[in-house]
2 protein chains.
Amino acid sequence: MPDDSPIRIVIADDQRMIRDGLDLMLGLIDGFEVVAQAADGEEAVTAVAAHSPDVVLMDLRMPVLDGVGATERIRRDHPRTQVVVLTTFSDDAEVLAALRAGARGYLTKDAGAPEIERALRRVAGGEAELDPGVQKRLLEMIPPASGRAEALDALTEREREVLRLIGDGLSNAEIAARLYVSESTVKTHINNLFTKIGVRDRAQAVTFAFRNGVMS
Amino acid sequence: MPDDSPIRIVIADDQRMIRDGLDLMLGLIDGFEVVAQAADGEEAVTAVAAHSPDVVLMDLRMPVLDGVGATERIRRDHPRTQVVVLTTFSDDAEVLAALRAGARGYLTKDAGAPEIERALRRVAGGEAELDPGVQKRLLEMIPPASGRAEALDALTEREREVLRLIGDGLSNAEIAARLYVSESTVKTHINNLFTKIGVRDRAQAVTFAFRNGVMS
DNA sequence: CCGGCGCTCCACCCACGGGTGGAGGCGGGG
DNA sequence: CCCCGCCTCCACCCGTGGGTGGAGCGCCGG
């Protein structure tokens, strides 16, 4: 798909040199067009409102309104515009906050021109492009993988199944229907699994399920 | 960092042609060494035990033991060996299962040689490399982003607080005690927040809380 | 100034959920 | 072979949870 229309970009960073450097660099690449710069989060939001670009290249640490806040507002008010975060170094909380706010790309500032180019193209195309290190940390939060699941594998297969259905919000009657057994049987399984995992009601069971990887 | 020791690889795929093709392709790349092939999950596990490679390139659909199961066992018994999943096309459930099982990379089979090479190098180096489409879906599960997050900020502060306590497994009486209000008040808050977020009981409310970032 | 919203509280209802104590069938391992 | 664990089912009890339809108070903003 040869794009006739260029990818329109807004650069948001509080450091002048970085902004200009990126502007110059991206301007040289065929198919890219930098339509505005912003020195803080507020400016970024108004720049997006004014130009509705395809992508914003966003620094996180900025005065007035930080990158996370700006990302939030842009994603909420201009969903057509994607956000790629570009930051020096980052603690996990900031990374997660940015992704949660709707950033679709995440690059560290030691990324080279080709990385930035690829990230911008992909994100503009509706895909995602995360820094490999960030990907790793993301993966580490998804699966509690192994852990104190000792109580968990004390459960029988049937009990785990019931636990999952409880997490899906089903009532005992609905679970019974789903499993083609009587409600009595479901109650038995539930009582057994509750004592095994050490909870007293469904609500606690659901929390257990999420914290131990049964649910996600 | 010029690596003197090559990245040692095991290829697991049930189709002969794919195995041999990959073997040939990877053998030509400097710094790569294919140490074994496996035609099913069992073979993959034993091959890893025998050669303790740096990375396994793993197909998901395989006889005897599927890729997810094999990944699980490899990650559990040989944590030094990383797994890159390489599959034709994938439903979300399989992707998630594979990542949960400990896969650090995920490529679709339309990936070219350079993509595969980069993924193997990164994963062997302790990073992660996911197909951009997979990254996107991952992001979509992390942040409730938009959706019924609108319902979430329809909640009052008090209601959110009650929701959190429900997630902590407290009964109405305990919540009342914690907040220094009567149980009636708690019930009122609960009824209000249930209708707002569209659930019918605590179990569903807990699931909502986890899926929308109120709990973690 | 007054309306609305958020928080507080009440009484009443009853269904569903959870606890107890049983029982039978079926499969695998000691 | 026999026992144990898993799955299945039953009757009975009663507490908690969830639904309804009120009500009063304080605060903010139109």
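By convention in this document, chain letters (A, B, ...) are assigned in the order of the sequence lines, proteins followed by strands, and residues within each chain are numbered from 1.
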[N] OP1/OP2 closer than 4.0 Å to side-chain N/O of [X]:
{"X": "A:Arg200", "N": "C:dG17", "answer": "no"}
{"X": "A:Ser182", "N": "D:dC10", "answer": "yes"}
{"X": "B:Arg202", "N": "D:dG18", "answer": "yes"}
{"X": "A:Asn172", "N": "C:dG17", "answer": "yes"}

Give the rounded distance in Å between these two atoms: [atom1] of [X] and [atom2] of [N].
{"X": "B:Glu183", "N": "D:dG18", "atom1": "CD", "atom2": "P", "value": "11 Å"}
{"X": "B:Asp201", "N": "C:dG17", "atom1": "CG", "atom2": "C1'", "value": "10 Å"}
{"X": "B:Leu179", "N": "C:dC7", "atom1": "CG", "atom2": "C1'", "value": "12 Å"}
{"X": "A:Ile175", "N": "C:dG18", "atom1": "CD1", "atom2": "P", "value": "9 Å"}
{"X": "A:Glu174", "N": "C:dA15", "atom1": "CD", "atom2": "C1'", "value": "14 Å"}
{"X": "B:Asn192", "N": "D:dG18", "atom1": "CG", "atom2": "P", "value": "13 Å"}
{"X": "B:Leu165", "N": "D:dG17", "atom1": "CG", "atom2": "C1'", "value": "16 Å"}
{"X": "A:Leu155", "N": "D:dC7", "atom1": "CG", "atom2": "C1'", "value": "15 Å"}

Regarding [X] and [Y], is there a side-chain donor-to-acceptor distance under 3.5 Å anywhere?
{"X": "A:Thr185", "Y": "A:Thr188", "result": "no"}
{"X": "B:Arg202", "Y": "B:Asn172", "result": "yes"}
{"X": "A:Gln82", "Y": "A:Asp54", "result": "no"}

| query | Taking for each residue the nucleotide of DNA chain C with the nearest heavy atom, is it B:Lys187 or B:Val181 whose nucleotide lies nearer the 5' end? | reply |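 Checking each residue's closest nucleotide, the 5'-ward one belongs to B:Val181.
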| Of A:Leu170 and B:His189, whose closest DNA chain C nucleotide lies nearer the 5' terminus? |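 Nearest nucleotide further toward 5': that of B:His189.
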| query | Between A:Ile190, A:Leu193, A:Ile197, which is the residue that forms a side chain to side chain contact (heavy atoms under 4.5 Å, CB included) with A:Glu159? | reply |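 Among A:Ile190, A:Leu193, A:Ile197, the one that satisfies the side chain to side chain contact (heavy atoms under 4.5 Å, CB included) with A:Glu159 is A:Leu193.
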| Under the criterion side chain to side chain contact (heavy atoms under 4.5 Å, CB included), which of B:Val83, B:Asp66, B:Asp13, B:Val10 is the partner of B:Met58? |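 Testing B:Met58 for a side chain to side chain contact (heavy atoms under 4.5 Å, CB included) against B:Val83, B:Asp66, B:Asp13, B:Val10 leaves exactly one candidate, B:Val83.
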Please tell me which of the listed nucleotides, [options], lies nearest to the side chain of [X]?
{"X": "B:Phe194", "options": "C:dG18, D:dC7, D:dG19", "answer": "D:dG19"}
{"X": "A:Thr156", "options": "D:dG17, C:dC9, D:dC6", "answer": "D:dC6"}
{"X": "B:Ile190", "options": "D:dC7, D:dG18, C:dG18", "answer": "D:dG18"}
{"X": "A:Asn191", "options": "D:dC9, D:dG18, C:dG19", "answer": "C:dG19"}

| For the side chain of B:Thr188 and the base of C:dC9, is some donor closer than 3.5 Å to an acceptor across the two? |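 Yes, the side chain and the base share a sub-3.5 Å donor-acceptor pair.
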